[in-house]
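Please read the structure below before turning to the comments.
Hydrogens, waters and symmetry mates play no part in the numbers below; they use all other heavy atoms, side chains included.
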Amino acid sequence: MKKYSILIVGLDCYFGHIGEFIINLKKKNPLVEITLLTTPILKDRRKSIIDYVDRIVFYKPLDIKFLPRFLVQWLHPLLCNLRLRKSLKKDHFDILDIHFPAPFIIKLLPFFRKKADHIVISPWGSDVMRVEDEQARQDLSRIFAKAEYVTVGKESRIGKVLRTEFKVNPDKMVKLEWGGEFFDFIQNMSGTVSVEEAKDRFGLKDRYVITCGYNTSEAQQHEKIIRAVADVKDRLPDNLTLQFLCTNVFFNKMAPEKEQYLELLKNECA
């Protein structure tokens, strides 16, 4: 096994997937030195990976939206780079792996390129599949252009989108599978709880339940689901219950939208 150092960047993504990646990476090669750069909001999850990382650096995004936009565009990357230089002043890594790349990462790339010999970008799916803003699309294209490798299957749906819409060279694409905690949970739970028992635990015994996942983000298209159910409610059982799962930080971010859903449910499906 070869000893090397890697800086894993997960600034705007779900911690469970990052944790799964780190754990499997360390199991494959115990010699790898892992540094994780993430946001303070995820501090409560660090216990799950503390035995697998050598260091965790917490990076707090700057809140300077109160300034004029032209000033933010100039000042934000400057301040970000200064803060990262302070946190990672003496570090240099063999590999930099950016997970769930967000458009703002383009502002940090000049710093990152000086800190690592090789740059890897690891898209997860929605980070590229749901980009509608043209400026964001251009920024992501520039990020992929500067990477040596992109961890995605060439013939996967994401790979095809990267090739056609973000102009990523297929030669850069490397298939890398490390699993996901959701799949592990489903596999472990499969067959242990019956549908009837699960409904009973949620106080939904004898109810006809339609469950909609998996957070309150607008991307889950709950409004469309509610309206579609409303269109056929006369053909559904009278004991119908619509269940919306709110499983992560989107719940707090989208709280006003939650109230809109409740009002829509009252008007359409009551």
Side-chain angles (χ1 to χ4, degrees), residues 1-59 93-102 105 112 116 118-130 140 143-144 147-159 161-162 172-193 213-215 217 219-220 245-253:
M1 294 182 181
K2 183 179 180 181
K3 184 177 181 179
Y4 64 92
S5 60
I6 181 171
L7 172 62
I8 298 172
V9 178
L11 294 179
D12 192 23
C13 56
Y14 176 66
F15 192 82
H17 298 329
I18 286 284
E20 192 83 4
F21 174 74
I22 288 172
I23 291 171
N24 283 321
L25 179 62
K26 196 71 171 183
K27 287 180 177 178
K28 288 286 185 182
N29 185 352
L31 298 181
V32 61
E33 296 177 356
I34 301 174
T35 298
L36 172 65
L37 177 64
T38 188
T39 47
I41 193 174
L42 300 173
K43 276 188 176 181
D44 61 328
R45 297 295 304 275
R46 59 183 165 179
K47 290 181 181 179
S48 62
I49 62 165
I50 200 68
D51 295 331
Y52 299 91
V53 294
D54 296 272
R55 183 184 176 198
I56 301 178
V57 177
F58 291 105
Y59 171 80
F93 305 91
D94 296 307
I95 300 170
L96 165 72
D97 187 5
I98 301 174
H99 284 252
F100 203 85
I105 291 289
F112 285 143
H118 306 283
I119 296 180
V120 178
I121 306 294
S122 296
W124 289 3
S126 58
D127 43 358
V128 295
M129 302 295 285
R130 295 177 183 163
L140 281 174
I143 292 171
F144 287 121
E148 290 180 57
Y149 300 101
V150 179
T151 60
V152 65
K154 296 179 183 179
E155 300 305 320
S156 67
R157 186 181 176 192
I158 303 173
V161 169
L162 288 174
K172 287 185 176 185
M173 297 183 184
V174 178
K175 189 174 183 180
L176 182 64
E177 299 174 336
W178 70 85
E181 67 169 8
F182 291 147
F183 297 110
D184 292 341
F185 177 78
I186 292 171
Q187 185 176 34
N188 293 334
M189 289 295 294
S190 180
T192 62
V193 179
Y214 57 95
N215 57 49
S217 167
Q220 306 307 326
L245 306 181
C246 305
T247 55
N248 59 25
V249 294
F250 282 109
F251 181 80
N252 293 326
K253 290 181 180 179

Quiz item: Checking side chain to side chain contact (heavy atoms under 4.5 Å, CB included) for the pair V128/V152: CA distance, chi angles, key distance, verdict?
Solution: CA-CA 12 Å; V128 295; V152 65; over 6 Å; no
Self-check item: Derivation of the side chain to side chain contact (heavy atoms under 4.5 Å, CB included) call for L176 and Y149
Solution: CA-CA 11 Å; L176 182 64; Y149 300 101; over 6 Å; no
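For the pair I8 and V53, the minimum side-chain heavy-atom distance is 4.5 Å or more. Taking the side chain as every heavy atom from C-beta outward, F21 and T151 never approach each other to under 4.5 Å. The side-chain heavy atoms of I18 and T38, taken from C-beta on, include no pair separated by under 4.5 Å.
The two atoms that bring A116 and L96 nearest to each other are CB-CB, 3.6 Å, heavy atoms only. Closest approach of I121 to P101, counting heavy atoms only: CG2-CG, 3.6 Å. Contact detail for I34 and Y52: the closest heavy-atom pair is CD1-O, 3.7 Å. Contact record, W124 with I158: O-CD1, 3.6 Å, taken as the closest heavy-atom pair. Across all non-hydrogen atoms, the minimal contact from F100 to D127 is CA-OD2, 3.1 Å. The two residues G19 and I49 make their nearest non-hydrogen contact at CA-CG2, 3.6 Å.
In this structure, CG on L7 lies 8.5 Å from CD1 on I98, to the nearest 0.5 angstrom. Considering CG of D51 and CD1 of I23, their distance stands at 9.0 Å, rounded to 0.5 Å.
Scored by the side-chain hydrogen bond (donor to acceptor under 3.5 Å, both in side chains) test, E155 finds no partners at all (sequence neighbours excluded). Contacts of R55 classified as side-chain hydrogen bond (donor to acceptor under 3.5 Å, both in side chains), with partners at least two apart in sequence or in another chain: D91. Considering only residues two or more places apart in sequence or on other chains, K26 meets the salt bridge (Lys or Arg N to Asp or Glu O under 4.0 Å) condition with D54. Among residues two or more places apart in sequence or in another chain, the side-chain hydrogen bond (donor to acceptor under 3.5 Å, both in side chains) test is passed with T35 by none. Take K27 and apply the side-chain hydrogen bond (donor to acceptor under 3.5 Å, both in side chains) test, not counting sequence neighbours, and it matches no residue. For the side-chain contact (heavy atoms from CB on, under 4.5 Å) test, no residue two or more places apart in sequence or in another chain qualifies with K2.
Counting non-hydrogen atoms of neighbouring residues, nucleotides and ligands closer than 6.0 angstrom, the OH atom of Y4 exceeds 12 such neighbours.
A side-chain donor-acceptor contact under 3.5 Å links S5 to the backbone of D94. The backbone N or O of M173 sits nowhere less than 3.5 Å from a side-chain atom of K154 that would complete a donor-acceptor pair.
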